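Following: one structure in structure tokens, then a few remarks.
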2 protein chains.
Amino acid sequence: MSTVKALAKGLKILDQLLESHMRPEEFRRIGVTEVAELLEVNKSSASRLLQTLSSYGYAKKDSEQRGYILGPKMHNAAQTGSQVIFRDLARPFIYQLMKSSGESAHTAIVSQGKALIIDDIESAASLRVAGGIGRLEQLHCTAVGKCLLAFMDLTLPRDLPQQTPRTITSYNKLKFHLEEIRLQGYALDDEENLEGGRCLAAPIYDQSAVVIACIGISGPSVRMTLERLPHYIKLVMDCSRELSLSLGYQGHKP
Amino acid sequence: MSTVKALAKGLKILDQLLESHMRPEEFRRIGVTEVAELLEVNKSSASRLLQTLSSYGYAKKDSEQRGYILGPKMHNAAQTGSQVIFRDLARPFIYQLMKSSGESAHTAIVSQGKALIIDDIESAASLRVAGGIGRLEQLHCTAVGKCLLAFMDLTLPRDLPQQTPRTITSYNKLKFHLEEIRLQGYALDDEENLEGGRCLAAPIYDQSAVVIACIGISGPSVRMTLERLPHYIKLVMDCSRELSLSLGYQGHKP
DNA sequence: TCTAAAATTGCATATCACGCAACACTAAGG
DNA sequence: CCTTAGTGTTGCGTGATATGCAATTTTAGA
């Protein structure tokens, strides 16, 4: 059994970056010189190893100070762990939402510049919007996507592909629309993503009053009519408030 | 700018392992032959790269079927993400526990073969057991450690260093003692880790009735006397039950 | 602005990653 | 149980590349 030495060196660096990251009280950036000492190699070798780790997203040159920190790929792995816990916590709430609304209910978070459906409880109705745990949805034309855009301070996408005739494809129109969503406290997908389908979504706040996800319902327009919308809006917003409270949310501090 | 090619190859494998891991519906083990095709190298090279990743804990040969999966180090990164959410959820409960008991209260999980304190709310009393978010504690002689050993089906450590004259250093004695803890539903550190200090701990169950953590209190023996222990035990166990319920725990199914 | 320390880059050479081939292991089918 | 095909591992020699050196660039602090 043999090891590939260059790879081993890179992984040792990754160990150090991980260790520094996992203990917030002991966080520090790691420099080329420090890595050179750790591996007992020349600084130039250390620099190239760090560059390689960076180019693949496993390390990142800190933008504020000298030194390298853990890169986005490891952050994504950490986020997946949180997703599983959060999904399980939110499940009873969206189950109840599905029951009270009669439509499919789901939980969504931001991932890879899209809205990732991390849980989805389908309604028993024969005509329903197709489900999809793990599905990535466009941000600009889905209720969950727009909800996340409005409440999470995300960078607005520039590319707004048309999904239906009703899709908002203008950056300025979307920007204005998101302001409305913030005032209303919920987002409506009015056949913007799927013809014949409407969705509603509302944000989930954590204990520090930061939005971390959203929940929503999807259904066919023949059932989710504009006349019945207020009924659905109330259900979704009640559910999102209860889930937020269960996460320790205590309302916005002035 | 140049990349270290051998390291780059290893990171590409890690990318694949991560990708497979993050979407449970798309999980699959990755074999040497598949890696060889991905990287366009000979199977022997692929094998050596995977072995190197494995020896550093980033990959793991699956024990049930052929192929490699994401290794414990990446799991640990994922766990850290969950820790932050869990820590925040548990905080109000241990805060209340500190208030009602008058002693420092903490949350602990298993990490690196030890008990990791992920949150710690110190009592206002002048004489108290020193705190330490991020501290790793021995499993065999602390209340949180013994609690995790008893309820989480961990491998019993063989090395049981003596911390005080009261430390249990016999494997068989510890094994028997853990059976007692399982029956009682809580663990007591009776000056086994620190002379003049006693700790109590109780397990936290999640929605699938699996123990994922524990909470505990620590205080000086002059306050946490044997006569007052039942009072403290009740507080700790009440708190652990409430926190478990808030996580969706519904009691043990037969 | 200057200086010292940290980080990066080009080049030649020493090291080791690589492919080949042989072998070992495993799972499935007869 | 035996056979076969596919998967994974190991030893060896060679050429590709990782490395150290030295020069250069960048950066942060006085």
Side-chain angles (χ1 to χ4, degrees), chain A residues 1-21 26-74, chain B residues 1-21 26-74:
Chain A
M1 154 135 147
S2 64
T3 61
V4 176
K5 290 196 191 215
L7 173 56
K9 284 176 181 135
L11 296 176
K12 279 179 189 168
I13 298 173
L14 208 42
D15 283 346
Q16 284 300 123
L17 293 171
L18 255 182
E19 195 173 309
S20 178
H21 178 75
E26 295 176 21
F27 174 76
R28 66 181 205 281
R29 293 157 192 88
I30 295 180
V32 169
T33 309
E34 187 178 340
V35 167
E37 282 163 17
L38 167 76
L39 300 179
E40 298 181 334
V41 297
N42 188 272
K43 281 192 294 181
S44 66
S45 297
S47 181
R48 290 188 194 104
L49 289 163
L50 280 163
Q51 281 172 27
T52 304
L53 286 166
S54 291
S55 70
Y56 282 86
Y58 286 90
K60 181 170 177 286
K61 208 185 235 191
D62 193 12
S63 48
E64 293 161 17
Q65 284 178 43
R66 276 187 170 171
Y68 287 80
I69 58 176
L70 206 50
K73 276 187 186 167
M74 305 297 280
Chain B
M1 153 138 146
S2 63
T3 62
V4 178
K5 290 195 191 220
L7 173 57
K9 285 176 178 131
L11 296 177
K12 280 179 188 167
I13 297 172
L14 208 41
D15 283 347
Q16 285 300 123
L17 293 171
L18 257 181
E19 195 173 308
S20 177
H21 178 76
E26 295 177 20
F27 175 76
R28 67 181 203 283
R29 294 160 189 84
I30 295 180
V32 169
T33 309
E34 185 179 341
V35 166
E37 282 164 17
L38 165 75
L39 301 179
E40 299 182 332
V41 297
N42 187 273
K43 280 192 297 180
S44 64
S45 297
S47 183
R48 289 189 193 100
L49 289 163
L50 280 163
Q51 281 172 29
T52 305
L53 287 166
S54 291
S55 69
Y56 283 86
Y58 286 91
K60 180 170 179 289
K61 209 185 235 190
D62 194 12
S63 48
E64 293 161 19
Q65 283 178 45
R66 278 186 167 169
Y68 285 79
I69 58 175
L70 205 52
K73 277 193 186 161
M74 303 298 278

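Fair warning: this is a prediction, and the values are worked out from it, not measured in the lab. Order of the sequence lines sets the chain letters (A, B, ...), proteins ahead of strands, with each chain counted from 1. Only this structure's heavy atoms are used, side chains among them; waters, hydrogens and symmetry mates stay out.
- For D/dT10, the OP1/OP2 oxygens have a side-chain nitrogen or oxygen of B/Q51 closer than 4.0 Å.
- With 3.5 Å as the limit, one finds a donor-acceptor pair spanning the side chains of B/S47 and B/Q51.
- Atoms CG (A/N42) and C1' (C/dA14) sit 14 Å apart, rounded to a whole Å.
- In this structure, B/L39 places its CG atom 13 Å from C1' of C/dC18, rounding to the nearest Å.
- Note: CZ (B/R66) to P (C/dC25) measures 12 Å, nearest angstrom.
- Across C/dA6, D/dC21, D/dT7, the shortest atom-to-atom separation from the side chain of A/T33 is found for C/dA6.
- Nearest heavy-atom pair, A/L38 versus A/K12, reported as atom, atom and distance to 0.1 Å: CD2-O, 4.2 Å.
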>> Let's go through B/V35 and B/Q16 carefully: what are the C-alpha distance in whole Å and the side-chain angles of both, what is the deciding distance for side-chain contact (heavy atoms from CB on, under 4.5 Å) to 0.1 Å, and is it a yes or a no?
In response: CA-CA 9 Å; B/V35 166; B/Q16 285 300 123; over 6 Å; no
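- Rounding to whole angstrom units, CD1 of residue A/I30 and P of C/dA7 are separated by 11 Å.
- Across all strands, A/K43 comes closer than 4.0 Å to base atoms (heavy-atom distances).
- Atom CG of B/L7 and atom C1' of C/dA17 are 13 Å apart (whole Å).
- The base of D/dG8 has none of its N or O atoms less than 3.5 Å from a complementary donor or acceptor on the side chain of B/S47.
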>> The test is side-chain contact (heavy atoms from CB on, under 4.5 Å); show your working for B/Y58 and A/D15 and say whether it passes.
In response: CA-CA 10 Å; B/Y58 286 91; A/D15 283 346; 2.7 Å; yes
>> Would A/V32 and A/Y68 count as a side-chain contact (heavy atoms from CB on, under 4.5 Å) here? Give the steps.
In response: CA-CA 8 Å; A/V32 169; A/Y68 287 80; 4.2 Å; yes
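- Interface remark: the B/R48 side chain does not form any donor-acceptor pair with the D/dG8 base, using a distance-only criterion of under 3.5 Å.
- Nucleotide C/dT8 holds its C1' atom 12 Å from the CG atom of A/L50, rounded to whole Å.
- The listed nucleotides are C/dA21, C/dT8, D/dA18; the one nearest the side chain of A/K61 is C/dT8.
- Under 4.0 angstrom from either OP1 or OP2 of C/dA17 there lies no side-chain N or O belonging to A/K9.
- For A/L49 and D/dG20, the CG to C1' distance is 13 Å, given to the nearest whole Å.
- Map A/A6 and A/V32 each onto its nearest nucleotide of DNA chain C; the residue landing nearer the 5' end is A/V32.
- Rounded to an integer number of Å, the gap from CG of B/L53 to C1' of C/dA17 is 15 Å.
- OP1 or OP2 of D/dT9 lies within a sub-4.0 Å distance of a side-chain N or O belonging to B/Y68.
- When distances are taken from the side chain of A/K5 to each of C/dG19, C/dC16, D/dA18, the shortest belongs to C/dC16.
- Regarding contacts with the backbone of D/dG20, a side-chain N or O of A/S45 is found under 4.0 angstrom from either OP1 or OP2.
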